[in-house]
Amino acid sequence: MKTRSQTAPKPLKTVALAPRPSSSKGGSKPAGKGDPLAPKKPPTAFFFYMEDFRKTYKQENPSVKSMQEVGKACGEKWNKMAFEEKVKYYDIATQKRAEFDKAMIEYKKKKESIEMSEESDYD
DNA sequence: ACAGTGATTGTTTAA
DNA sequence: TTAAACAATCACTGT
């Protein structure tokens with residue numbers, strides 16, 4: 001009924017379209033243009049599960065050093081996890097998103113304000 | 001010594 | 001609607 005954030009599995013993905021040079025390496029950019037005060041994305045349900053999974057994994061696999069293996073193992077199990085189990089983590093992520101959502105609204109308002117000012121203010 | 005890389009999936013945002 | 005980018009973790013590696 002509702003198409004709200006429907007992360008529908010669409011294997012149809014083209015390539016590269018909007019590369020956003022946020023700030024990976026190089027950096028010198030006049031502050032105020034990018035999103036220096038933009039609320040960062042909260043960890044997703046997958047990450048919450050990983051926190052728990054990570055500990056368990058290390059206990060059973062103290063030999064594993066890199067996080068890469070844990071990530072794979074976590075992802076693989078995540079796909080096998082029952083929805084009921086996942087819902088538990090989704091619930092947490094949902095709450096975080098709620099807070100993030102509010103922060104984003106205010107950020108947007110402020111951002112618009114900044115853009116407006118910038119438009120006619122240069123020195 | 002510092003900072004980036006590596007993999008995982010989910011959520012985000014801009015046009 | 002689409003798709004690219006980024007969110008955390010943590011040992012290792014390059015300069």
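None of the values given here were measured: they were computed from a predicted structure. Below, read A as the first sequence line, B as the second, and so on, with proteins coming before strands; counting in each chain starts at 1.
When the P atom of dA7(C) is taken as reference, atom CZ of Phe48(A) falls 14 Å away, rounded to whole Å. Computed from coordinates, the Glu99(A) CD to dT11(B) C1' distance equals 15 Å when rounded to whole Å. Protein atom NZ of Lys40(A) is 6 Å distant from nucleotide atom P of dA7(C), rounded to whole Å. One atom, CE of Met50(A), and another, P of dT11(B), lie 14 Å apart when rounded to the nearest Å. If you measure from atom CE of Met67(A) to atom P of dA8(C), you get 13 Å, rounded to the nearest angstrom. The distance between atom NZ of Lys86(A) and atom C1' of dG10(B), rounded to the nearest whole Å, is 11 Å. In this structure, Lys96(A) atom NZ and dA8(C) atom P are separated by 13 Å, rounded to whole Å. The separation between Gln95(A) atom CD and dT11(B) atom P is 14 Å, rounded to whole Å.
The CE atom of Met67(A) sits 9.5 Å away from the OH atom of Tyr57(A) when rounded to the nearest 0.5 Å. One finds the NZ atom of Lys96(A) at 11.0 Å from the CG atom of Asp91(A) (value rounded to the nearest 0.5 Å).
Heavy atoms of Lys108(A) sit under 4.0 angstrom from primed sugar atoms or phosphate atoms, though from no base atom.
Checking dA7(B), dT12(B), dT11(B) against the side-chain heavy atoms of Gln68(A) singles out dA7(B) as nearest.
A sub-4.0 Å separation between OP1 or OP2 of dT9(B) and a side-chain N or O of Tyr49(A) is absent.
Every residue two or more places apart in sequence or in another chain was checked for a salt bridge (Lys or Arg N to Asp or Glu O under 4.0 Å) with Lys40(A), and none qualifies.
In this structure, Phe47(A) counts as stacked on the base of dA7(C) under the 5.5 Å centre distance and 30° plane angle limits.
Both Ala73(A) and Ala93(A) lie near DNA chain B, and the one whose nearest nucleotide falls closer to the 5' end is Ala73(A). Positionally, the nearest nucleotide of DNA chain B for Lys72(A) lies more toward the 5' end than for the other of Lys72(A) and Lys41(A).
Clustering of Ile, Leu, Val, Met, Phe, Trp and Tyr by side-chain heavy atoms under 4.5 Å joins Ile105(A) with none of the others.
Side chain of Asn79(A) to backbone of Gly75(A): a donor-acceptor contact under 3.5 angstrom is found.
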